[in-house]
Structures are given as structure tokens and as C-alpha cells.
Amino acid sequence: MNKRIEEGYFSDDALNIAPKLIGNYLVRRFDDNTLFKSKITEVEVYRGEDDLACHASKGKTKRTKVMYDKGGKVYVYLIYGMYWLLNITTGKIDEPQAILIRGTEQISGPGRIGRELKLDASFYGENIYTSNRIWVEYGETPPLDKIITTPRIGIDYAGEFWANIPWRWLLKNDKTI
DNA sequence: ACAAAGATCCGT
DNA sequence: CGGATCTTTGTA
């Protein structure tokens with residue numbers, strides 16, 4: 001049993017948290033009480049209103065408001081009418097940021113994560129510290145040279161600068177890539 | 001009120 | 001490479 005990540009962990013800047021998150025465990029308890037636990041292997045940062053790939057670039061709306069709250073909330077949204085993408089918000093109040101969980105040891109791809117974890121709109125705003133159905137536990141920090149960064153995936157619309165900024169972290173040689 | 005596009009995945 | 005599928009957002 002690993003230690004659950006405690007209050008305050010996600011109040012730091014997303015760029016500091018993202019690399020630390022690799023190697024930690026994403027945990028989901030389903031309605032039938034079964035547990036799913038898998039090591040996080042791939043994340044992306046979406047950070048601030050200036051970041052044209054971040055939904056907060058549209059300002060504070062019904063959809064983005066959770067990112068303006070204190071870090072440590074679940075931000076889920078439906079993409080392409082089919083897939084619930086899982087983010088964890090970071091930063092202080094009025095610092096709209098989120099970290100997209102793109103992959104774990106057993107699940108490759110953000111859309112598949114939402115499907116396997118049976119996420120839906122009811123998870124919007126869920127407290128990652130206190131929820132009894134989704135949380136994060138400390139894992140083993142991999143060696144620094146095993147973590148690589150690349151530009152984010154699927155955001156060419158955000159313009160050359162934001163599309164190329166290396167805000168994706170992933171485990172090198174991971175089978176799920 | 002309507003049209004367009006999207007932080008994806010799957011089958012062809 | 002195109003279809004699935006529906007919410008959010010921009011424009012009128």
C-alpha cells in the first residue's frame with residue numbers, strides 16, 4: 001500500500017509537478033469496490049491563459065472554471081463527443097493550470113484512460129486529495145535520464161510557439177508509448 | 001440560433 | 001485516412 005498524495009501537493013506550478021508525477025500511481029475505486037492502480041508514465045502541462053493550447057486561453061467559463069480554483073481538482077471534459085480526458089489541476093487560486101494524464105503503465109492514450117477508468121461528467125471538480133473513487137499515491141521516482149520531454153500532442157491549432165514548447169513528459173523505453 | 005472544431009481512437 | 005459523436009465556443 002503506497003502513501004496517498006496529501007493536501008497541497010498540487011498547489012505548486014504545473015511545470016514543477018509534471019516531471020515528479022511520473023512514477024506515481026493513479027488509483028480508481030469503482031462502484032463495485034474493486035481497485036484499479038497503474039503507474040503514471042506520460043503527462044502534459046496546460047498552463048495559463050497565454051497558453052493557446054490550454055482551454056483557459058478562452059478565459060474563465062463554465063468549462064474552465066475548475067482550473068482557476070486551487071490545484072488538486074479533477075478536470076475532465078468530453079473530446080470528440082466520445083472520450084473523457086483526465087486532468088489534475090495545479091497552481092494557486094487564479095492560476096489556471098492542469099496536467100493531462102496521457103498514459104499509465106497499463107493504458108496508453110488519454111482517451112483510453114477515461115474509458116478504462118469509466119470517467120464521466122460527474123468527476124468534474126472532484127477533490128483528488130479526499131475523493132473515495134479517484135486519487136494519486138506516491139510511487140518510485142524513476143532516474144532522471146529515463147524521463148524525456150517532447151512537444152504536446154494534437155495541438156497544432158495553437159500556433160508554432162505553443163505547439164512546439166516541450167511540455168510533455170514521458171518514461172523513455174516505456175512499452176505503452 | 002447555427003455552424004465549426006476539437007488535448008482521440010479505431011477500422012479500412 | 002475518414003468516421004464516430006456531442007460539447008463548447010464564436011458569429012449573426
Side-chain angles (χ1 to χ4, degrees), chain A residues 10 12-26 28 36 38-91 94-126 128 131 134-136 147-172 174-177:
Chain A
F10 292 100
D12 196 6
D13 192 290
L15 295 175
N16 296 329
I17 300 173
K20 285 199 305 180
L21 214 46
I22 303 287
N24 286 340
Y25 290 93
L26 176 64
R28 168 87 163 94
F36 175 88
S38 191
K39 190 178 288 190
I40 297 170
T41 57
E42 180 181 357
V43 299
E44 279 177 2
V45 163
Y46 291 85
R47 180 174 175 273
E49 294 184 344
D50 293 340
D51 176 4
L52 294 182
C54 180
H55 292 155
S57 63
K58 313 281 188 193
K60 193 172 186 174
T61 67
K62 185 178 177 187
R63 182 204 221 184
T64 66
K65 67 180 180 198
V66 71
M67 285 196 276
Y68 289 77
D69 207 343
K70 190 172 63 171
K73 301 277 171 44
V74 171
Y75 170 40
V76 289
Y77 69 94
L78 187 66
I79 188 66
Y80 299 113
M82 292 187 175
Y83 302 105
W84 289 97
L85 299 205
L86 171 64
N87 299 249
I88 301 171
T89 68
T90 60
D94 285 335
E95 290 177 347
Q97 311 178 345
I99 296 177
L100 170 68
I101 310 297
R102 281 193 66 88
T104 72
E105 231 166 24
Q106 297 161 55
I107 310 174
S108 175
R112 288 181 184 171
I113 292 203
R115 191 177 59 190
E116 295 298 315
L117 297 197
K118 297 180 164 56
L119 302 182
D120 58 47
S122 73
F123 282 82
Y124 185 91
E126 188 104 347
I128 201 75
S131 171
I134 189 166
W135 64 88
V136 184
I147 299 180
I148 59 177
T149 61
T150 80
R152 294 171 291 180
I153 305 298
I155 53 149
D156 286 348
Y157 63 86
E160 195 177 343
F161 178 81
W162 295 107
N164 288 321
I165 198 164
W167 282 0
R168 174 178 178 233
W169 283 259
L170 56 106
L171 262 187
K172 202 194 314 192
D174 189 84
K175 284 177 297 202
T176 64
I177 295 173

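Per chain, numbering begins at 1; letters A, B, ... match sequence-line order. Every value quoted in this text rests on a predicted model; they were computed, and no experiment measured them.
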(request) Let me have a per-nucleotide readout for nucleotides 5-12 of chain C, 5' to 3', with B, S or -, counting only protein heavy atoms under 4.0 Å. (result) BBSSSS--
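Contact annotation: the side chain of P96(A) approaches that of E49(A) to within less than 4.5 Å [non-hydrogen atoms, C-beta and beyond]. Within the 4.5 Å cutoff, side-chain heavy atoms of Y124(A) are placed close to those of K65(A). Side-chain contact between R28(A) and E116(A) is absent, with no heavy atoms from C-beta onward closer than 4.5 Å. At least one side-chain heavy atom of L119(A) sits under 4.5 Å from a side-chain heavy atom of I134(A). Residues L15(A) and W169(A) form a side-chain contact, since some pair of their non-hydrogen atoms from C-beta on lies under 4.5 Å apart. At least one side-chain heavy atom of V136(A) sits less than 4.5 Å from a side-chain heavy atom of I128(A).
Screening L86(A), I153(A), L85(A), I101(A) for a side chain to side chain contact (heavy atoms under 4.5 Å, CB included) with P110(A), the sole residue that qualifies is L85(A).
Remark: DNA chain B takes part in the stems B:1-6 with C:6-11, B:8-11 with C:1-4, each of 3 or more antiparallel Watson-Crick or G-U pairs, criterion distances under 3.5 Å.
For the pair T89(A) (side chain) and K73(A) (backbone), a donor-acceptor distance under 3.5 Å is present.
Under the 4.0 Å criterion applied to side-chain N and carboxylate O atoms, R152(A) and E44(A) are not assigned as salt-bridge partners.
Within 4.0 Å of I155(A), counting heavy atoms only, lie sugar-phosphate atoms of the nucleic acid but no base atom.
Rounded to whole Å, the separation between the P atoms of dC2(B) and dT5(C) comes to 23 Å.
With a heavy-atom cut-off of 4.0 Å to chain A, the contacted part of DNA chain B has its first and last nucleotide at dG6(B) to dC10(B).
Shown here is K70(A), whose NZ atom has no more than 12 heavy atoms of other residues, nucleotides or ligands within 6.0 Å.
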